[in-house]
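In what follows, a structure is listed as structure tokens, so that the remarks can point back to it.
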Amino acid sequence: MTATTPDHAGLSRRGLLKVGLLGGALLGSAGLAASLGGCSASGPAPGFRCLRAGDLDLLRALIPVVLAGAVAAPRMPEAVSGTLASIDRNLDHLSPEMLKLSLQLFDVLVLPLTRGPLTGIWGAWANASAEDLRRFLERWRDSSIGLLKMGHGSLLQLVSMSWYGRPESWAHCGYPGPPTV
């Protein structure tokens with residue numbers, strides 16, 4: 001039988017199965033551990049529709065690193081709180097299945113059992129330095145595991161879209177705002 005995939009495809013069927021099995025096992029074990037520990041069963045944090053307390057800790061640490069250079073340091077606290085509100089609103093408008101996947105990603109990142117080995121952040125997110133967070137993001141971006149690369153892209157897209165969808169971000173990138181009708 002002749003191979004029909006181009007040589008540059010980069011992922012064989014065997015590789016795809018390995019990534020799928022590893023990802024399924026990782027998310028399954030994280031979900032099981034989170035539900036046994038009461039993590040994923042918790043409801044949204046007060047004032048939020050989707051984000052939970054642990055998710056907020058993660059995102060409060062991560063957002064300033066992702067927005068570095070786009071937001072002046074004195075304005076970072078208000079940018080973080082506004083971006084959190086936008087992330088929550090964006091998650092609330094996802095399909096139930098996409099919301100479930102996003103919350104599973106947060107579970108993997110928040111649960112100490114999986115956070116340390118996968119991110120290199122062994123303590124609480126609030127105690128991680130900006131350099132620790134940059135190394136974590138680079139580690140996932142450059143990983144040979146496709147699932148970690150997808151997680152990296154998802155995190156960056158979620159934060160970036162939520163920030164750049166806010167009017168206070170537009171001046172930095174030269175966008176005058178939508179036309180008045």
Practice problem: Could you tell me whether the side chain of Ser169 and the main chain of Arg166 form a donor-acceptor pair under 3.5 Å? | Solution: yes

Quiz item: Does any N or O in the side chain of Ser160 come within less than 3.5 Å of the main-chain N or O of Gln157, such that one atom is a donor and the other an acceptor?
Solution: no

Quiz item: Do Leu109 and Leu155 have side-chain heavy atoms sitting under 4.5 Å apart?
Solution: yes

Quiz prompt | Same cluster (ILVMFWY, side-chain, under 4.5 Å), Trp122 and Leu58 | solution = no

Exercise. Could you note down all residue pairs passing salt bridge (charged side-chain N to carboxylate O under 4.0 Å, His left out) where residues 84-95 supplies at least one of them, sequence neighbours left out?
Key: Arg49-Asp92

Exercise. Locate the shortest heavy-atom distance separating Trp170 from Pro178; write the atom from each residue and the value.
Key: CZ3-CD, 3.3 Å

Practice problem: Considering non-hydrogen atoms only, spot the tightest contact between Phe106 and Leu158 and give its length. | Solution: CZ-CD2, 3.7 Å

Quiz item: So which heavy atom on Ala79 is nearest to which on Trp163, and how close?
Solution: CB-CZ3, 3.6 Å

Quiz prompt | Test side-chain hydrogen bond (donor to acceptor under 3.5 Å, both in side chains) applied to Ser143 - qualifying residues, sequence neighbours left out | solution = none

Quiz item: After noting the C-alpha distance and the side-chain angles of Trp140 and Leu118, does the key distance pass the side-chain contact (heavy atoms from CB on, under 4.5 Å) rule?
Solution: CA-CA 8 Å; Trp140 276 33; Leu118 289 175; 4.2 Å; yes

Quiz item: Do Tyr164 and Ser86 touch side chain to side chain, with heavy atoms closer than 4.5 Å?
Solution: no

Exercise. Measure the spacing between CG of Leu133 and CG of Leu62 and express it to the nearest 0.5 Å.
Key: 6.0 Å

Quiz item: Just how far is it from atom CG of Leu99 to atom SG of Cys50, taken to the nearest 0.5 Å?
Solution: 5.0 Å

Quiz item: Rounded to the nearest 0.5 Å, what separation is found between the CD1 atom of Ile87 and the CG atom of Leu59?
Solution: 4.5 Å

Exercise. Give a yes or no on whether the backbone of Ser42 and the side-chain of Arg52 come within a donor-acceptor separation of less than 3.5 Å.
Key: no

Exercise. Identify the heavy atoms of Val80 and Pro64 that sit nearest to each other, and give their distance.
Key: CG2-CG, 3.8 Å

Quiz item: Does some side-chain heavy atom of Val71 sit less than 4.5 Å from a side-chain heavy atom of His172?
Solution: no

Practice problem: Is it possible for you to say whether Met161 and Phe48 belong to one hydrophobic cluster, with membership spreading through side-chain heavy-atom contacts below 4.5 Å? | Solution: no

Practice problem: Please name all residues satisfying salt bridge (charged side-chain N to carboxylate O under 4.0 Å, His left out) with Asp57, sequence neighbours left out, ordered by chain then number. | Solution: none

Quiz prompt | Pair Arg135 + Glu138, salt bridge at N-O below 4.0 Å | solution = no

Quiz prompt | Exam field: side chain Arg115 to backbone Gly123, donor-acceptor pair closer than 3.5 Å | solution = yes

Quiz item: How close do Ala53 and Ala45 get, heavy atom to heavy atom, and via which atoms?
Solution: N-CB, 3.9 Å

Practice problem: Enter the distance from Asp132:CG to Thr119:OG1 here, rounded to the nearest 0.5 Å. | Solution: 9.0 Å

Quiz prompt | Between CG on residue Asp55 and OG on residue Ser102, distance to nearest 0.5 Å | solution = 10.0 Å

Quiz item: Minimum heavy-atom separation for Leu105 to Gly151, with atom names?
Solution: CD2-O, 4.0 Å

Quiz item: Between Arg139 and His152, is any pair of side-chain heavy atoms under 4.5 Å apart?
Solution: no

Practice problem: Decide side-chain contact (heavy atoms from CB on, under 4.5 Å) for Glu168 and Arg75; before the verdict, give the C-alpha distance in whole Å, the side-chain angles of both, and the deciding distance to 0.1 Å. | Solution: CA-CA 10 Å; Glu168 61 264 31; Arg75 298 191 52 158; 3.9 Å; yes

Quiz item: Out of curiosity, Leu101 CG to Met150 CE, how far, rounded to the nearest 0.5 Å?
Solution: 9.0 Å

